[in-house]
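Sequence lines set the chain letters: A, B, ... in the order given, protein chains first and strands last, and positions in each chain run from 1. Keep in mind that this is a model prediction, so the values were computed, not measured.
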2 protein chains.
Amino acid sequence: MLYFDIMNRVYFDHAATTPVDKRVLEAMLPYFSDSFGNPSSVLIEEGGPPRQALDEARKKVANLIGARSEEVLFTSSATESNNLAIKGLALAHKSKGNKILFSEIEHYSIMLQADSLRGLGFEVDFVKVDTDGLIDMADLKKKVTKGTILASIMQANMEIGTVQPIKEIGRFLKEQGVLFHSDGAGTCGQIPVNVQELGVDAMTISGHQFYGPKGAAGLYLRSGVPMRPILHGGFQEMGYRAGTENVPAIVGFGEASRLAQVEMEEKVARVARLGQKLWAGIASITYLHFTGHPTQRLPGHVSFWIEFVEGESLLLWLNLNGIAASTGSACASNVLAADETGLKASHVLTAVGVPPEICHGSITFSLGRENTEEEVDYALSVMPTIVDRLREMSPLYEKAKGGK
Amino acid sequence: MLYFDIMNRVYFDHAATTPVDKRVLEAMLPYFSDSFGNPSSVLIEEGGPPRQALDEARKKVANLIGARSEEVLFTSSATESNNLAIKGLALAHKSKGNKILFSEIEHYSIMLQADSLRGLGFEVDFVKVDTDGLIDMADLKKKVTKGTILASIMQANMEIGTVQPIKEIGRFLKEQGVLFHSDGAGTCGQIPVNVQELGVDAMTISGHQFYGPKGAAGLYLRSGVPMRPILHGGFQEMGYRAGTENVPAIVGFGEASRLAQVEMEEKVARVARLGQKLWAGIASITYLHFTGHPTQRLPGHVSFWIEFVEGESLLLWLNLNGIAASTGSACASNVLAADETGLKASHVLTAVGVPPEICHGSITFSLGRENTEEEVDYALSVMPTIVDRLREMSPLYEKAKGGK
């Protein structure tokens with residue numbers, strides 16, 4: 001009775017990762033076995049085509065975010081970009097101060113740098129968000145003090161979908177002379193992003209969240225902003241990041257960026273429409289609470305928690321019925337991680353004031369361009385039954401019902 | 001007259017990188033667009049196949065080097081592995097001492113960590129090599145003192161081909177209680193390597209030097225040896241390395257390891273024979289000096305310099321005649337790099353006592369399994385003419401000849 005007729009898998013977990021676009025893979029293929037040379041081999045013919053391919057990819061990524069080519073660095077993952085930006089900028093500007101600000105809903109790859117930064121002599125403080133997940137500007141203004149050199153505030157949180165007013169934040173930080181890094185892993189390639197307009201000094205870009213391959217990501221670094229490398233060695237990436245370039249993945253990242261730019265408008269409209277339908281449909285489930293901002297949010301992103309229903313159980317039952325979703329971020333769903341960090345109760349949900357005693361995990365549906373109306377209909381048909389059944393197992397629910 | 005009839009490109013630069021084996025690419029392909037899930041998505045079906053693929057790949061890499069699966073960590077490049085090993089081990093053992101030793105012929109990705117380590121409060125010293133490029137054991141013994149916590153000595157240098165007696169070095173370091181990291185980027189997958197026999201605590205493995213893809217590399221870390229991560233975030237790679245795993249590249253790295261193990265004996269024999277022929281053939285060129293150890297060296301690796309001939313000019317003319325080789329390491333051939341580090345005169349050649357005033361760069365031919373006897377014959381037919389012509393342009397050569 002909890003098993004429905006499953007057509008195909010319904011993938012509503014695009015925030016965790018996306019399949020590589022076939023056209024992207026096609027663009028990558030020549031660089032594995034044919035144009036396989038090392039781009040650093042500048043004196044032999046074999047180095048030429050891969051080096052040109054890197055240049056092309058850099059242009060495409062730069063175009064996607066309104067940057068100049070030379071302002072885009074390639075790394076192996078958004079996590080590496082976040083580490084490079086924070087540690088690299090902090091170390092390069094240590095003479096000006098030692099205070100760093102994070103929002104309290106950053107990804108693990110920002111949050112968990114705090115200890116390491118403290119070990120390097122920095123102070124780390126956290127800026128509050130309101131119950132919709134928006135940065136508390138008053139708290140930000142209070143916490144920017146003499147000695148604050150860097151703030152990292154993500155553009156969109158993938159667990160609750162809220163998109164920050166980066167432009168406004170950027171303007172304030174610029175006035176204060178504070179460097180501004182924004183993790184754009186949830187936005188670049190997914191909604192229009194222009195680093196000039198946003199006023200960021202550095203921005204993390206993740207390719208595998210918009211149909212590019214895993215293994216290549218980017219860091220936008222505004223021209224003229226000093227930054228130290230964290231991986232030392234060869235002089236790839238203008239000296240900011242050593243290591244033989246992952247040419248095929250970078251080529252794929254570039255092509256995914258180009259496609260994302262060309263197809264952005266259509267995709268956003270389509271995904272937003274499906275997301276709105278899903279949102280409206282599940283709104284009728286009792287005791288369901290949406291998370292994140294109702295309108296300033298990622299298109300096709302629907303996140304919520306349900307009283308008396310464990311997020312993990314719901315996720316498992318959805319999975320058994322063919323629907324892939326997530327609780328929090330993919331990284332957070334690793335049980336080991338949760339145990340080791342004590343972050344089992346999502347730091348993001350806690351930050352937006354979700355009461356841990358009645359919320360046992362939230363669910364995120366993140367839609368992508370290949371999702372269909374039929375899939376949304378299917379999810380809407382399945383959800384109420386699963387929720388009812390899970391709730392019936394909860395003694396607390398029985399009690400709550402009885403009390404009404 | 002310096003242009004010969006070129007059949008095809010002759011690729012003698014396998015130390016820089018290798019083409020991806022078609023079988024390796026075949027193994028990778030399902031993980032781009034089909035089994036594309038995030039391995040950290042442990043609660044949904046999509047995470048399963050990629051997670052199993054990572055496990056399989058880890059086994060294959062572990063088998064190649066005689067390690068246990070859980071002793072192999074995946075990174076994005078040998079450079080990252082070298083950075084993780086050195087910084088990660090140094091920071092985790094700082095309470096025991098602050099002295100670190102490198103051989104003076106390490107790759108840039110070891111050498112250029114020195115400043116960063118000093119910034120973290122460590123002292124870095126360098127162990128000498130003899131004129132064959134072998135570690136000076138007396139110097140090593142002298143430099144291991146109270147407070148020495150870590151030594152990094154590469155197994156084989158890709159510029160001069162010398163293979164170190166790692167077992168002997170490992171035994172000594174173990175007696176002294178000094179952690180031993182060895183950069184095996186030039187050896188793992190290319191000659192038989194067994195980490196247990198070698199007695200190393202950590203070893204860097206590079207996949208793209210033995211027909212695996214760029215973007216995946218490994219770090220062997222002996223069970224029970226504490227190490228700090230350098231990229232913070234999610235709990236991938238047992239907490240040692242955050243970031244969404246590059247599943248396709250790791251799968252390829254695993255398959256390349258399996259193939260390298262199966263085909264090792266045949267490949268080594270074949271490549272060694274071709275290398276010996278090449279060595280014998282060019283030995284007749286006057287004023288030619290081989291570099292590295294004559295016998296304790298990588299199979300199929302022939303390196304040398306020629307008086308009165310600039311290495312770069314020779315490389316360019318070889319390239320124009322269809323032969324790809326290198327001067328020093330691929331990373332070192334980047335002119336910007338040379339200028340910025342002042343390492344224009346190779347630190348490796350300087351260390352083995354090559355006089356900079358008469359050696360203007362060395363040449364490395366690194367052969368691979370697809371090379372043929374015909375290609376070696378072709379190179380041997382081309383070399384003397386090119387060398388003669390280049391030498392005739394050198395005023396110093398004229399003078400030297402006149403003086404005889």
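- Counting heavy-atom pairs closer than 4.5 Å to chain B, the top residue among A:Lys22, A:Glu45, A:His208 is A:Glu45.
- Between the side chain of A:Asn82 and the backbone N or O of A:Thr79 there is no donor-acceptor pair closer than 3.5 Å.
- Comparing B:Leu91, B:Ile250, B:Ile44 by heavy-atom pairs within less than 4.5 Å of chain A, the highest count is held by B:Ile44.
- Only the side chain of B:Tyr11 has a heavy atom closer than 4.5 Å to any heavy atom of chain A.
- Between A:Asp115 and B:Arg228 no salt bridge is recorded (no basic side-chain N to carboxylate O distance below 4.0 Å).
- Within the 4.5 angstrom heavy-atom criterion, atoms from both the backbone and the side chain of B:Ser33 approach chain A.
- Ranked by heavy-atom pairs under 4.5 Å with chain B, the list A:Gly243, A:Ala249, A:Ser77, A:Pro39 is led by A:Gly243.
- Counting heavy-atom pairs under 4.5 Å between each of B:Leu29, B:Ile323, B:Leu231 and chain A puts B:Leu231 at the top.
- Most heavy-atom pairs under 4.5 Å with chain A: of the set B:Lys214, B:Met28, B:His232, this distinction falls to B:His232.
- To the nearest 0.5 angstrom, B:Ile110 atom CD1 is 5.5 Å from B:Asp183 atom CG.
- Comparing B:Thr75, B:Val247, B:Leu316, B:Leu84 by heavy-atom pairs within less than 4.5 Å of chain A, the highest count is held by B:Leu316.
- Side-chain contact of A:His14 with A:Ser366: a donor-acceptor pair under 3.5 Å is absent, judged by distance alone.
- In this structure, chain A has a heavy atom under 4.5 Å from the backbone of B:Thr18, while its side chain stays farther away.
- Ranking B:Ala216, B:Ala217, B:Ser116 against chain A, the residue ahead of the rest is B:Ser116, based on heavy-atom pairs under 4.5 Å.
- In this structure, chain A has a heavy atom under 4.5 Å from the side chain of B:Leu25, while its backbone stays farther away.
- Looking at B:Asn246, both its backbone and its side chain come within 4.5 Å of chain A, counting heavy atoms on both sides.
- Residue B:Met158 comes nearest to B:Ala15 through the heavy atom pair SD-O, 3.5 Å, listed as atom of the first residue, atom of the second, then distance.
- Heavy atoms of B:Ala325 lying under 4.5 Å from chain A belong exclusively to its backbone.
- The choice from A:Pro229, A:Ala242, A:Pro19 that makes the most heavy-atom pairs within less than 4.5 Å of chain B is A:Pro19.
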